[in-house]
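What follows is a single structure, written as structure tokens, with notes after it.
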2 protein chains.
Amino acid sequence: MKHRIATAALLSTVTLGLLSGPAAAQKGSGYVMVTFLSGIDYWKDAYRGMQAAGKELGVSTTYTGSVNYELNDNIATLEQVIARKPAGILLTVMNADALRPTIDKAIKAGIPVVTFDADSPKSNRYAFLGTGNERAGAEAARYLCSKVSSGEVAISSVPAQQNHVERRTGFTNYLKANCPNLKIVATTDDKTDSSVAAREMASVLQAHPNIKGIFATDAAGGVGVAQAVKEARMNGKIKIVSFDYDEGTLDNIDKGVIDATVAQGTWQMGYWGLKMLDSVAKNRIASVSNWRTASISPLPPVIDTGVSVITKANSKFWRK
Amino acid sequence: MKHRIATAALLSTVTLGLLSGPAAAQKGSGYVMVTFLSGIDYWKDAYRGMQAAGKELGVSTTYTGSVNYELNDNIATLEQVIARKPAGILLTVMNADALRPTIDKAIKAGIPVVTFDADSPKSNRYAFLGTGNERAGAEAARYLCSKVSSGEVAISSVPAQQNHVERRTGFTNYLKANCPNLKIVATTDDKTDSSVAAREMASVLQAHPNIKGIFATDAAGGVGVAQAVKEARMNGKIKIVSFDYDEGTLDNIDKGVIDATVAQGTWQMGYWGLKMLDSVAKNRIASVSNWRTASISPLPPVIDTGVSVITKANSKFWRK
């Protein structure tokens, strides 16, 4: 759940275009979402969730973020937002430890901070909303196993990256426990690059011609794997389950090359993130009003926002 | 997170007395909390949280539960509540799999169900709010390590019970990573009985006279351990960290025999549980209104409601 999650997401969605019209954070008013790269699509759905909660609660929300994917920009943006004394901050961090002092400064100044998508677990933030990657990997395995119950399986992933490791752990453990006749025979390093994923999976398909299923732990990997499977004329014969989505993923799902992808609950992060911030700001958070003196945790510290499985049957709901 | 959690909690709190005046669930109105043993104190704080959220939202809440600690009663009570068509059900289950068909029946009838404290993970419930026991165990270790950084440590626990296993895993892993000079030398089986805990720990203290810290993974164990430490005239010299609390725990904390206990976020379970149920009932749960057709998960599936550390400094806030 380190910054690498968001980085991976970023790499796979940066091509989707700019966020439409995020307003600059206003002085002293309402709640602010702060990201570490303001202009990408990945945060759109989270900010939509925040806006929906804001409308319900009758509070204002604004969106901002660093213009460049640079740590100093991320910290400086957060500093600027703190100086404006907002009602609360919904923050995603580029680096868990580097952002910690600035987060703690906001908390000390009485500004509630909740993190989403990428956490700073050692900071004093009140809560973190993000994807439980092991559970998400298990969900991918559950889907694959419902379509093909025996044979060889390959994984396209980034072997050393923590969120990808957790996705594979969840996937592998689910198969062992519930679908023991599906055997994982190869794991490639796709570097979250679809060209690399295609090339690596082409080699695997040559070495293992009986592969029946593939799990890609990121969207770019899924698109690359789909390419390799098509080129091997195995589409329809090999079930592909991917992770995250972009237009390429949805196109491949509609064409029947990718069977399903596991979509993260980014809307939920924004929606419940704002509801939690607002509960703290309004001191509606525990059985006693002086929770700071009582050292009572004001919010549930970790919220797994879960995943939804996108298939041909529901892909249209995910087109923006 | 099976029914054993709640059972352990029950065993350690059943002596605290009856819940004061839980109203019977009314026909067709509002939200209902359903427990598997209506008359115990343990649910009080959770129901207080539910009431607080109900007041905010302007919706009615009622409390009910089976009179006896019997599986058939638990199921029958849930069936009766479903027949009254409430707006939503906040449920804790005695047995994960036995309650599953009845939970799924409620969901099919359009009644949102959220579980708390003890989950039925394979059912179609929308969310579960409960304690992340590994994280809670790590919190106990963090506290102990802040008070004594080297020496021998003993654990009073129920070795085979899943929630206790998770608490010990979190505790042990935290020490290994952050406090390697604290060495665990003994683990007893206290059967969540304070007399057993006292007897077992007395033996451990004889065999290991240099013990500097003890972690008890349940409240009854903590009270028993405190007894053993007092009888060995080691109070003040051995730091005790317990789990959950009852009057005996708080008394021991105020007397300085138990240093701290880790309290579960039961209020949070009730508060956020109702907020989540109400969001689903009012169809405020995703970026599209037809989330059922789109197969979108309506809520974050798992919420770790966290723990607070009770010490002499804040114990008064926990007296009811």
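Since we're looking at a predicted model, the values are computed, not measured. In what follows, every chain begins at residue 1, and chains take the letters A, B, ... in the order their sequences are listed.
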Quick one: of T305(B), N314(B), V309(B), V302(B), who has the most non-hydrogen atom pairs under 4.5 Å with chain A?
V302(B)
Under 4.5 Å from a heavy atom of chain B, the part of K282(A) involved:
neither
Among A52(B), S279(B), S315(B), which has the most heavy-atom pairs under 4.5 Å with chain A?
S279(B)
Got I296(B) and S308(A) here, is their nearest side-chain heavy-atom distance under 4.5 Å?
yes
To the closest 0.5 Å, what do you measure between CZ (R284(A)) and NZ (K55(B))?
10.5 Å
Heavy-atom distances under 4.5 Å only: say whether M276(A) touches chain B with side chain, backbone, both or neither.
both
Do W272(A) and L299(B) come within less than 4.5 Å of each other through their side chains, counting heavy atoms only?
yes
Is any side-chain heavy atom of P300(A) less than 4.5 Å from a side-chain heavy atom of M269(B)?
no
Determine whether a donor-acceptor pair (N or O, by modelled atom type, separation under 3.5 Å) exists between the side chain of S297(B) and the backbone of V307(A).
yes
Without swapping roles, check the side chain of Q268(A) against the backbone of P298(B) for a donor-acceptor pair under 3.5 Å.
yes
